[in-house]
Amino acid sequence: MTPLHISTPLLQHRSLSVQLDKAVWLKMENTQPSGSFKLRGIGLLCQRAVAKGATHLVCPSGGNAGFAAAVAGAALGVRTTIVVPHTTPDNVRQAIRAIGAELIVEGKQWDDANQLALAMCQDPAAVYIPPFDHPDIWDGNATLIDEVVNAGHVFDVVVCSVGGGGLMSGVVQGLQRNGLAHIPVIAVETDGAASLHAAVQAGELVTLPAITSVASTLGARRVAPQAFQYTKEHEITTVTVTDAQAIHACLRFADDMRALVEPACGAALAVAYQNLPVLAQYQRPLMIVCGGMGVDLANLAKLGTLALSPSLT
């Protein structure tokens with residue numbers, strides 16, 4: 001089965017490396033055909049579903065998972081329906097429609113879109129494609145660690161953003177299946193979208209009352225149970241950053257690497273740009289640049305203005 005995702009570049013961030021006196025490396029998942037890492041896991045799940053006879057893929061999403069499912073559906077030649085809430089930006093909706101997927105806008109939040117998607121999957125020909133909570137998704141996401149290891153790259157910590165936990169779960173699986181279970185993970189969320197951090201603090205899964213962060217694609221009110229379980233089995237440090245820190249990281253990254261990423265991705269990058277204490281003990285951090293297709297020049301400019309707001313600092 002030929003993967004739908006591509007092998008992404010592994011680049012050193014030279015100015016940050018000098019600034020921090022560390023070898024800072026970037027796994028550039030923003031260069032995936034879907035604009036984010038999501039195509040790895042979503043693509044594999046869709047491929048396996050179609051191989052088992054699925055003729056209709058249904059994905060509830062705030063944006064990135066839905067676009068990845070749309071890309072996968074187009075590549076596989078099957079009907080694909082993406083259900084998004086009204087909070088999904090217009091440019092994301094247009095991008096999904098542009099590649100031939102059916103788009104349905106439902107409800108004020110992801111939970112509303114999810115309920116409709118589940119109802120649609122009562123049809124035996126339809127398969128539910130969750131955004132993050134499925135073993136095939138974690139298996140697919142783990143391939144990014146496979147690539148880093150196969151390249152012979154040495155690193156001593158992985159830094160990644162966490163929304164629902166699909167990326168982090170894949171990272172942990174990738175480390176474990178490559179004999180690197182000793183490598184720790186720094187799991188980063190923004191204030192107002194920190195369901196994993198809340199779960200770790202409480203010692204049990206927590207459902208946030210609302211998502212209040214501008215990093216809307218981190219907006220899972222409850223993290224996947226497997227992601228929480230991994231915090232008990234693997235060395236994972238949860239960290240939160242402010243929206244302003246995440247946005248500033250996006251702006252810096254755009255200048256440094258000539259690439260646009262969402263605040264959800266900026267959260268992980270902020271650990272390095274802010275030189276947070278959690279990074280002090282490591283010398284070769286691997287930063288997962290998870291990407292995100294819900295950002296453009298105009299949006300980034302607005303975010304830059306927003307980052308100056310006292311409410312975000």
- Intermediate values then yes/no, salt bridge (charged side-chain N to carboxylate O under 4.0 Å, His left out), D136 and R48: CA-CA 8 Å; D136 288 347; R48 289 176 175 173; 2.7 Å; yes
Any side-chain heavy atom of [X] within less than 4.5 Å of one from [Y]?
X	Y	result
D156	Q283	yes
K108	T87	no
F253	V289	yes
Q32	K38	no
V127	C121	no
I6	P33	yes
L11	M257	yes
N91	D296	yes

- What residues, two or more places apart in sequence or in another chain, satisfy side chain to side chain donor-acceptor pair (under 3.5 Å) together with T31?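 For T31, no residue satisfies side chain to side chain donor-acceptor pair (under 3.5 Å) once neighbours in sequence are set aside.
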- Test side-chain contact (heavy atoms from CB on, under 4.5 Å) applied to Q173 and N141, step by step: CA-CA 9 Å; Q173 283 197 13; N141 290 342; over 6 Å; no
- Given the rule in the side-chain contact (heavy atoms from CB on, under 4.5 Å) test, do L276 and V241 qualify, once you have shown the distances and angles that lead to the verdict? CA-CA 10 Å; L276 297 185; V241 299; 3.9 Å; yes
- Passes side-chain contact (heavy atoms from CB on, under 4.5 Å), V295 versus C250? Steps please. CA-CA 10 Å; V295 64; C250 293; over 6 Å; no
Listed partners of [X] passing salt bridge (charged side-chain N to carboxylate O under 4.0 Å, His left out), at least two apart:
X	value
D111	R221
E106	none
E102	R79
R177	D139, D146

Between [X] and [Y], is there a donor-acceptor pair closer than 3.5 Å when you use the side chain of the first and the backbone of the second?
X	Y	answer
E147	T8	yes
Q245	T242	yes
K22	A280	yes
N30	V261	no
Q47	T2	yes
R93	T88	yes
S169	G166	no

Please tabulate, one pair per line, all N/O donor-acceptor pairs under 3.5 Å involving side-chain atoms of residues 179-191, not counting sequence neighbours.
from	atom 1	to	atom 2	distance (Å)
E189	OE1	H197	N	2.8
E189	OE2	S195	N	3.0
E189	OE2	L196	N	2.9
T190	OG1	S213	OG	2.8
D191	OD1	T240	OG1	3.1

- All ring-ring contact (aromatic ring centres under 6.0 Å, His included) counterparts of Y273, not counting sequence neighbours: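 ring-ring contact (aromatic ring centres under 6.0 Å, His included) list for Y273, sorted by chain: H13.
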- Message: Going by ring-ring contact (aromatic ring centres under 6.0 Å, His included), name the residues that satisfy it together with H153, two or more places apart in sequence or in a different chain.
- Response: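 Listed in chain order: W25.
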Separation of [Y] [atom2] from [X] [atom1] (nearest 0.5 Å):
X	Y	atom1	atom2	answer
E29	L144	CD	CG	5.0 Å
F155	R284	CZ	CZ	10.0 Å
L39	L4	CG	CG	6.0 Å
T81	L103	OG1	CG	9.5 Å
F228	I236	CZ	CD1	10.5 Å
T305	I247	OG1	CD1	9.5 Å

Closest non-hydrogen atom pair between [X] and [Y], with its separation:
X	Y	result
G174	A142	N-CB, 3.6 Å
M1	A51	CE-CB, 4.3 Å
T143	R40	OG1-NH1, 2.8 Å
P285	A23	CD-O, 3.3 Å
G66	I96	C-CD1, 4.3 Å
S36	S34	O-OG, 3.0 Å

- Query: T55: what forms a side-chain contact (heavy atoms from CB on, under 4.5 Å) with it, not counting sequence neighbours?
  - Reply: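 Partners of T55 by the side-chain contact (heavy atoms from CB on, under 4.5 Å) criterion, ordered by chain and then number, come out as A125.
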- By the rule that ILVMFWY residues connect when side-chain heavy atoms come within less than 4.5 angstrom, directly or transitively, which residues belong alongside I104?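 Result for I104 is V58, V83, L116, M120.
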- L26 vs L286, side-chain contact (heavy atoms from CB on, under 4.5 Å): CA-CA, chis, key distance, verdict: CA-CA 6 Å; L26 308 169; L286 174 65; over 6 Å; no
Same cluster or not: are [X] and [Y] linked, directly or through other Ile, Leu, Val, Met, Phe, Trp or Tyr residues, by side-chain heavy atoms under 4.5 angstrom apart?
X	Y	value
I137	Y230	no
I42	L76	yes
F132	F67	no
V158	F37	yes
V200	V171	yes

- Message: Suppose the criterion is side-chain hydrogen bond (donor to acceptor under 3.5 Å, both in side chains): which pairs have a residue in residues 64-76, not counting sequence neighbours?
- Response: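 Only N64-E262 qualify under side-chain hydrogen bond (donor to acceptor under 3.5 Å, both in side chains).
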- Task: Would you mind listing every side-chain hydrogen bond (donor to acceptor under 3.5 Å, both in side chains) that reaches into residues 119-133, with sequence neighbours excluded?
- Result: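 Qualifying pairs, neighbours excluded: N114-Y128.
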